[in-house]
Enquirer: 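Sharing a structure below in structure tokens format, with a few things to ask.
Counting convention: from 1, in listed order, for ligands and their atoms alike. Computed from a predicted model, the values in this text were never measured in an experiment.
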Amino acid sequence: MSLKDLKIDNSWSLFLDRDGVINNRLVDDYVRNWEQFEFKPGVEEAMKVLSGIFGRIIVVSNQQGVGKGLMTLNTVEKLHEKMVSEVEAGGGRIDAVYFCPALESEKSFNRKPNIGMALQSRKRFPDIRFRQSVMVGDSLSDMIFGKRVGMKTVFLSSNLPHIRRGYKTINFVFPDLRAFAKELMSDDRCQINRIS
Ligand SMILES: [Mg+2]
């Protein structure tokens, strides 16, 4: 199956993990404030392209740094407001951001790979269809989260072999969000060229 076969249009929704997808992950640390938040290369352009394709764009992020007391709910919310406005300034769109502050040990229903954040988003946007949704992430828990509700999954990695264990949960692999957006964009161009 190729991405093209999915015939993605604005009836589809896009779910994005945050750290490692939208912004650079910090090694052994959490992004605690806007100063530490750094968009990955090409993300703002990618978000513009993806906003023109998908009907809904939802960010779903585990942020257990809150549960550990390293940052407050308020700081994370402020950071997300800034992230959304930067994406909008670049011509893109994020319809909603969900994050789970719970510790891994709490086994929260809202913490990926559990599906609480997916259900919350569908409650808010009843037009979301999980079968017509793509989950993009850089960890296995993102892939399991997507598969549990029937989404297509995109794993972002330049190093495939280390995730062989979870391979069954992954539909597509791209090095980064920019490459994923570029692939979808080139599909559109092919179709337009064929018509004209
Ligand atoms: Mg991540």
Enquirer: Could you tell me if Asp19 and Gln63 have a donor-acceptor pair between their side chains, going purely by distance under 3.5 Å?
Expert: yes
Enquirer: How many angstroms lie between atom CZ of Phe180 and atom CZ of Phe155, to the nearest 0.5 angstrom?
Expert: 14.5 Å
Enquirer: With distance as the sole criterion, is a donor-acceptor pair present between the side chains of Asp9 and Ser11 under 3.5 Å?
Expert: yes
Enquirer: What is the distance from atom CG of Leu3 to atom CG of Asn171, rounded to the nearest 0.5 Å?
Expert: 9.0 Å
Enquirer: Listing residue and atom name, which protein N/O/S atoms are closer to the Mg ion (ligand 1) than 2.8 Å?
Expert: Asp17 OD2, Asp19 O, Asp138 OD1
Enquirer: Determine whether Val97 and Phe54 fall in the same hydrophobic cluster, where Ile, Leu, Val, Met, Phe, Trp and Tyr are linked whenever their side-chain heavy atoms lie under 4.5 Å apart.
Expert: yes
Enquirer: Cut-off 3.5 Å, side chains only: do Asn114 and Asn110 have a donor facing an acceptor?
Expert: no
